[in-house]
Amino acid sequence: MTAFSTAILALFNDRNVARDAFYLPLIGSNKAVRVITRAPDIYQDVGQSVIETPSMLLEVQIADCPSLVAGDQFIVHGITYCVQGTPRRDSEQIFWQVDVYAA
């Protein structure tokens, strides 16, 4: 295990950084996982205007969710989030970065 993977695991176990969630895959059984939530604003140029849109990103360990696909869901603090698009893996293959929207 590398120093980077050890640090990432510590973040997912830290109650100040990560949250408890439930993973509901389209195929397979539900399971409890830990997620790190982020809500960055995305800016897009449209013609001569710039549009700001809120977004929600979840980071979840690949070991907890080995195969994420669009349509899978996460429940975080009672709110259901649906995976949209293709989840991305980090360079060390430790966690997924997932675009989600409230369902």
Practice task
Kindly work out whether a path of hydrophobic side-chain contacts (I/L/V/M/F/W/Y, heavy atoms less than 4.5 Å apart) joins I36 to I94.
Solution key: yes
Practice task
Working to the nearest 0.5 Å, report the span between CG of N13 and CZ of R15.
Solution key: 9.5 Å
Exercise for the section: Find the distance between CG (L58) and OG1 (T37) and round it off to the nearest 0.5 Å. Expected result: 7.0 Å
Problem - Transitive ILVMFWY side-chain link F74 to I79, under 4.5 Å - result: yes
Problem - Inter-residue atom distance C82.SG - L26.CG, 0.5 Å rounding - result: 7.5 Å
Handout entry: Flag if over 12 foreign heavy atoms under 6.0 Å of CZ, F4
Key = yes
Problem - Over-ring placement of R88 relative to W96, 6.0 Å and 45° cut-offs - result: no
Fill in the blank from the handout: For M56 and R38 the tightest heavy-atom approach is SD-O, 3.3 Å
Problem - Check: R34 and D20 side chains under 4.5 Å, non-hydrogen atoms - result: yes
Handout entry: Atom pair OG (S5) and CD (Q61), whose distance is rounded to the nearest 0.5 Å
Key = 10.0 Å
Completion exercise
Between the CG atom in D64 and the NZ atom in K31, the distance rounded to the nearest 0.5 Å is 5.0 Å
Exercise for the section: Search all heavy atoms of G85 against all heavy atoms of A70 and return the closest pair with its distance. Expected result: O-CB, 3.6 Å
Problem - F95-L11 co-clustered via ILVMFWY side chain contacts under 4.5 Å - result: yes
Problem - Single-linkage hydrophobic cluster V100~V76, side-chain heavy atoms < 4.5 angstrom - result: yes
Problem - Min side-chain heavy-atom separation D99-P87 under 4.5 Å - result: no
Exercise for the section: Decide yes or no for V60 and Y23: does some side-chain heavy atom of the first lie under 4.5 Å from some side-chain heavy atom of the second? Expected result: no
Completion exercise
CD1 of I62 to CZ of R89, rounded to nearest 0.5 Å, is 4.0 Å
Fill in the blank from the handout: Taken in chain and number order and not counting sequence neighbours, the residues that satisfy salt bridge (Lys or Arg N to Asp or Glu O under 4.0 Å) with D72 are none
Handout entry: Hydrophobic cluster identity match, V33 and F12, side-chain contacts under 4.5 Å
Key = no
Practice task
State, to 0.1 Å, how close A63 and P66 come at their nearest heavy-atom pair, and which atoms those are.
Solution key: O-CD, 4.2 Å
